[in-house]
There are 2 protein chains.
Amino acid sequence: MAAPLYQKVIDRIVAQISSGELLPGSMLPSEMQIAAETGVSQGTARKSLMMLEQHGIVRREQGRGTFVTARTPDSSLFNFFRLRQPDGQMIRPELVSEVVTNRRALAAERKGLDGEPKNVYEIRRVRSLKGVPSVLETAVVSASRFVGLDQRAPLPNTLYVLYQQNYGCIILRADESISAVLADGESAAALNVGTGTPLLCVDRVAFDIMGRPVERRRSLCRTDSLAYQVSLT
Amino acid sequence: MAAPLYQKVIDRIVAQISSGELLPGSMLPSEMQIAAETGVSQGTARKSLMMLEQHGIVRREQGRGTFVTARTPDSSLFNFFRLRQPDGQMIRPELVSEVVTNRRALAAERKGLDGEPKNVYEIRRVRSLKGVPSVLETAVVSASRFVGLDQRAPLPNTLYVLYQQNYGCIILRADESISAVLADGESAAALNVGTGTPLLCVDRVAFDIMGRPVERRRSLCRTDSLAYQVSLT
DNA sequence: GAGTGGTCTAGACCACTTT
DNA sequence: AAGTGGTCTAGACCACTCC
């Protein structure tokens, strides 16, 4: 047996989602239907669906059905936005400025994004917490994959909702690398702090459902009112 | 049906591990034996074991058996030590100094540790990378739960191996909160940097197999040669 | 009431490890 | 060869949602 049957069923469903045949939020066939379509037993179809649920690709609800994961503003915030108040309280920072530019990709960006794009969109935004500018974030995506992104201003609070709804791109994983830096002139001005203030620097690579790197972003965060929180297991 | 049968089987096994009846590294009974002992079918025992594996409590190997997770230096490093070189390379920093003290618990420590200990051990260590002092870490544990810990110097590189082997305490989860700070006099001296150098400050609470907070620790990290890396899903 | 996922059973066969 | 986990099947009943 080369690959288990349940894996073939998983691959088939992922391909259907990736191709747009199954849209985010839509309902999948029932376990029995999938079993019939793919020629496996209901138990095997069930195992496939449970594994897809664990990977966050579908959501199952007893009595209702199985649905393709829809990236809502709430779930995006919950999954990928790790900044919290020092006491652990959730935060919803407002957007205060936004600049989208189309420019040539740097060598590192070209190599580090799927499709090796020649040009990229750079989205630079400042987020504010209770009126205090707190996060300066710069996201970069392929200009050929996200055509016309600069025409869509104002962009939503969470970009991943836009990627999903307008470009069929579902973000499921993000690798982050965090360091501490001192505010330079530009970031100090944007965040209204003195140069030399310590900031968290979060570098992220976001991956789509096929595991392709789709977005690179750097967030500079004031750390007096925010902390990066994560649970390791 | 109040609780599913597989959950009762899980609870039973966790209790056996927690009580020391099943030691880390030891082999569990086979699926069939567990099924017979608990009065469920083999399929249900199997489901329990697979869920325990997903929670990191046991490890399963085809043809060999199911084993209680043993916290080895390698696995501890891999799971909970998130500091990497900027290029993503794994790091194994050496210990260069170690001080263990027994003192009264601060109010926050008393509330934030299982058993509300009156006294705690404080373990203060400096880790070095290629001869450069890079991490200053201060761990705090209950003195009543870890009796005689100050007599065990030198402590192993990864404390969680000690907790497991000498105190039957298996660490399975750690919540971390990360901020950026400036080096003060003490940390600057320990890490051989100037005061005002930006440092990563990682505050951790570690939980045992029953979900009880067992250790609190703060790590101050030089960020020129190290970055905190994590994958979000 | 019909349809969905959630739990559970009792078997079968295969792949792997150890003796 | 014996024992282990890995895959798969074909049924059963229950709990929940929606019409």
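Residue numbers begin at 1 in each chain, while the letters A, B, ... track the order of the sequences.
- DNA chain D lies under 4.0 Å from no heavy atom of any residue of residues 38-45 of chain B.
- The ring pair (Phe, Tyr, Trp, His ring centres under 6.0 Å) contacts involving residues 156-175 of chain B comprise B/Phe80-B/Tyr160, B/Phe146-B/Tyr163, B/Phe146-B/Tyr167, B/Tyr160-B/Tyr163, where partners must be two or more places apart or lie in separate chains.
- Within the structure, salt bridge (charged side-chain N to carboxylate O under 4.0 Å, His left out) pairs that include any residue of residues 121-130 of chain B comprise B/Glu98-B/Arg125, B/Arg103-B/Glu122, B/Glu122-B/Arg124, B/Arg124-B/Glu186, B/Arg125-B/Glu137, B/Arg127-B/Glu137 (at least two apart or interchain).
- Using a 3.5 Å distance cut-off with no hydrogens or angles, the side chains of B/Asp203 and B/Ser177 do not pair a donor with an acceptor.
- Atoms CD (B/Gln7) and C1' (C/dG6) sit 14 Å apart, rounded to a whole Å.
- Side-chain N/O atoms of A/Lys47 include one lying less than 4.0 angstrom from OP1 or OP2 on D/dT7.
- When rounded to the nearest whole Å, the span between CE of B/Met50 and P of D/dC8 equals 12 Å.
- Taking atom CG on B/Leu5 and atom P on D/dA15, their separation rounds to 13 Å, with Å as the unit.
- Sorted by first and then second residue, the salt bridge (charged side-chain N to carboxylate O under 4.0 Å, His left out) pairs with a member in residues 71-87 of chain A read A/Asp74-A/Arg92; sequence neighbours excluded.
- Counting to the nearest Å, the P atom of C/dG6 and the CE atom of A/Met51 are 16 Å from each other.
- Residues forming a side-chain contact (heavy atoms from CB on, under 4.5 Å) with B/Asn166 (at least two apart in sequence, or on another chain): B/Arg152, B/Leu162.
- Counting only residues at least two apart or on different chains, the salt bridge (charged side-chain N to carboxylate O under 4.0 Å, His left out) pairs with a member in residues 6-17 of chain A are A/Arg12-A/Glu37.
- Phosphate proximity of C/dC8 to B/Tyr6: absent, as no side-chain N or O sits under 4.0 Å from OP1 or OP2.
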All N/O donor-acceptor pairs, side-chain side in residues 13-28 of chain B, below 3.5 Å, sequence neighbours left out:
from, atom 1, to, atom 2, distance (Å)
B/Ser19, OG, B/Ala15, O, 3.3
B/Ser19, OG, B/Gln16, O, 3.2
B/Ser19, OG, B/Glu21, N, 3.3
B/Ser26, OG, B/Leu23, N, 3.3
B/Ser26, OG, B/Leu23, O, 2.5

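- With rounding to whole Å, B/Ile34 atom CD1 is found 17 Å from C/dC8 atom C1'.
- When the nucleotides C/dG6, D/dC8, C/dT4 are ranked by their closest atom to the side chain of A/Arg46, C/dG6 comes out on top.
- Taken to the nearest 0.5 Å, the CD1 atom of B/Ile57 stands 5.5 Å off from the CG atom of B/Leu172.
- Straight-line distance from the CE atom of A/Met32 to the P atom of C/dG3: 12 Å, rounded to whole Å.
- The stretch residues 53-68 of chain A touches DNA chain C through A/Arg60, A/Glu61, A/Gln62, A/Gly63, A/Arg64, A/Gly65, A/Thr66, each having a heavy atom within less than 4.0 Å of the strand.
- Listed by chain and number, the residues in a side-chain hydrogen bond (donor to acceptor under 3.5 Å, both in side chains) with B/Arg46 are B/Glu31 (sequence neighbours excluded).
- Separating the CD atom of B/Glu31 from the P atom of C/dA12 is a distance of 16 Å, rounded to the nearest angstrom.
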